[in-house]
Amino acid sequence: MPIPRRLVLVLGLALLAARPGLAQEAGGQTSFTISIVGLTAGRLALAADSSDTRYAVRARATSAGLAGLFSSFEVDQKVSGRVRAGRLQPEAYEARAKGARAGRGAEMRYTDGVPSLVTLSEEPRPGAPVIDPATMGGTVDPLTAIYAVLRTVPSAALCQLDLEIYDGHRHSRVTLRPLSDDPLGCQGNYRRINGYPPEDIAGRRDFPFVMRYASVPEGRFEVREVTLDSTYGKARVTRD
C-alpha cells in the first residue's frame with residue numbers, strides 16, 4: 001500500500017523546516033522523521049543554497065518503519081532558478097523515483113517562467129485532462145513550492161503565500177493564512193485545480209494542513225512542525 005499522494009505532498013512541504021537560516025546557508029543539510037499515529041513512516045533529507053538572486057534545492061524522501069503497511073519508495077528532487085523581486089522563478093527541475101513511486105519522474109525547463117517538458121515518465125491517469133505546459137506560465141515546480149512555503153521569513157511575510165504548481169501532469173495551488181488562535185501558526189491548504197481524473201476532484205479537492213513556527217534571531221520565523229490528517233490517522237513531521 002503506497003503512502004497517499006496528499007500525505008507525500010505535505011511531507012514534502014516539511015522538508016524545508018530544517019533549522020534557522022537554512023535558506024541562507026551554503027549546502028546546509030538536515031533530516032526529518034515522518035510519523036503517523038506516533039509510528040515512524042519515513043525519513044526526509046534536504047540540502048539548500050540561496051542568495052538574493054539565485055536558489056538551488058535538493059531533497060530526498062524515503063519510506064521507513066511501519067513494515068507491511070506502506071510500500072517502500074525513494075524520491076529525489078532538485079531544482080535551480082532565479083530570485084526576482086523576492087519571487088522564486090525555477091529554471092530547471094528534475095524528479096526521480098524508485099520503489100512504489102517508480103515511473104513518476106519528470107524533468108522540466110523554464111523560459112521566462114513558462115515550463116516545457118524534457119521528460120515525463122508518469123503516464124496520465126485514465127480520464128485525466130491533459131494540460132498544455134505552454135498555458136502554465138507563472139506556475140512553479142513542486143520543490144520550488146516547498147521552498148517558498150517553508151523558508152525562514154520575516155514577520156511581515158508570515159503566513160502570506162499563494163502559489164500555483166505544475167508537475168508535468170497536474171495543476172494545483174497552495175495557500176497559507178494566519179491561524180486565528182495562534183500567532184505562530186499557519187493554516188495551509190493544497191487545492192487540486194486541473195489534470196486530475198473527475199472522480200478525484202469530485203471525491204475531494206482541498207487538503208488542509210497546519211504549520212507551527214518558532215521565532216529565530218533577527219526577527220524571523222522558521223517552521224518547526226507540520227501536521228495533517230491522513231487516511232491512517234494524525235500525521236506529523238518533526239526535525240531530527
Side-chain angles (χ1 to χ4, degrees), residues 1-20 22 28-48 57-77 95 97-102 104 142-143 145-153 158-159 161 172 174-192 200 203-216 221-240:
M1 180 184 300
I3 293 179
R5 182 181 294 275
R6 66 178 179 275
L7 180 55
V8 172
L9 168 79
V10 180
L11 296 181
L13 291 178
L15 283 169
L16 290 171
R19 59 190 184 200
L22 175 62
Q29 186 166 333
T30 192
S31 62
F32 290 85
T33 296
I34 307 155
S35 62
I36 299 176
V37 293
L39 300 174
T40 299
R43 306 285 185 190
L44 302 170
L46 173 80
V57 184
R58 289 178 177 267
R60 170 172 289 182
T62 57
S63 58
L66 290 180
L69 179 56
F70 296 136
S71 301
S72 63
F73 69 87
E74 181 178 296
V75 180
D76 289 287
Q77 296 183 79
K98 300 177 183 178
R101 299 187 69 79
R104 296 186 179 181
L143 189 52
I146 291 169
Y147 185 57
V149 168
L150 293 174
R151 57 181 174 170
T152 302
V153 296
L158 192 64
C159 304
L161 192 73
S172 57
V174 62
T175 57
L176 295 176
R177 60 180 175 80
L179 281 174
S180 59
D181 59 349
D182 185 351
L184 294 180
C186 290
Q187 178 66 62
N189 188 64
Y190 172 75
R191 182 175 178 85
R192 295 167 167 169
D200 284 3
R204 189 172 182 184
R205 183 182 289 269
D206 294 290
F207 302 93
F209 58 94
V210 173
M211 298 177 9
R212 305 287 179 181
Y213 288 80
S215 60
V216 294
F221 296 85
E222 65 163 4
V223 177
R224 291 294 182 90
E225 179 184 82
V226 178
T227 57
L228 72 155
D229 291 323
S230 77
T231 304
Y232 308 104
K234 181 69 71 176
R236 186 167 178 255
V237 182
T238 55
R239 298 191 306 171
D240 288 342

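Residue numbers count from 1 along this sequence.
- Closest approach of Arg60 and Thr62 over heavy atoms only: CG-CG2, 4.0 Å.
- No donor-acceptor pair closer than 3.5 Å links the side chain of Glu225 to the backbone N or O of Met211.
- For the pairing with Arg212, the side chain to side chain contact (heavy atoms under 4.5 Å, CB included) check across Leu184, Thr227, Leu179 returns one residue only, Leu179.
- By the 4.5 Å heavy-atom criterion applied to side chains, Tyr213 and Thr152 are not counted as neighbours.
- Screening Val223, Leu161, Val226 for a side chain to side chain contact (heavy atoms under 4.5 Å, CB included) involving Val149 leaves a single residue, Leu161.
- Minimum interatomic distance between Leu143 and Ala59 (heavy atoms only, all atoms of both residues): CD1-CB, 4.0 Å.
- Contact check for Phe207 versus Leu228: no side-chain heavy atoms found under the 4.5 Å cut-off.
- With rounding to the nearest 0.5 angstrom, the CG atom of Asn189 is 10.5 Å from the OG atom of Ser172.
- Rounded to the nearest 0.5 Å, atoms CD1 (Ile36) and NZ (Lys234) are 12.0 Å apart.
- Closest heavy-atom contact between Ala97 and Val75: CB-CG2, 4.2 Å.
- When all heavy atoms of Cys159 and Gly185 are compared, the pair lying nearest together is SG-O, 3.4 Å.
- With Arg205 contributing its side chain and Arg192 its backbone, the two residues share a donor-acceptor pair below 3.5 Å.
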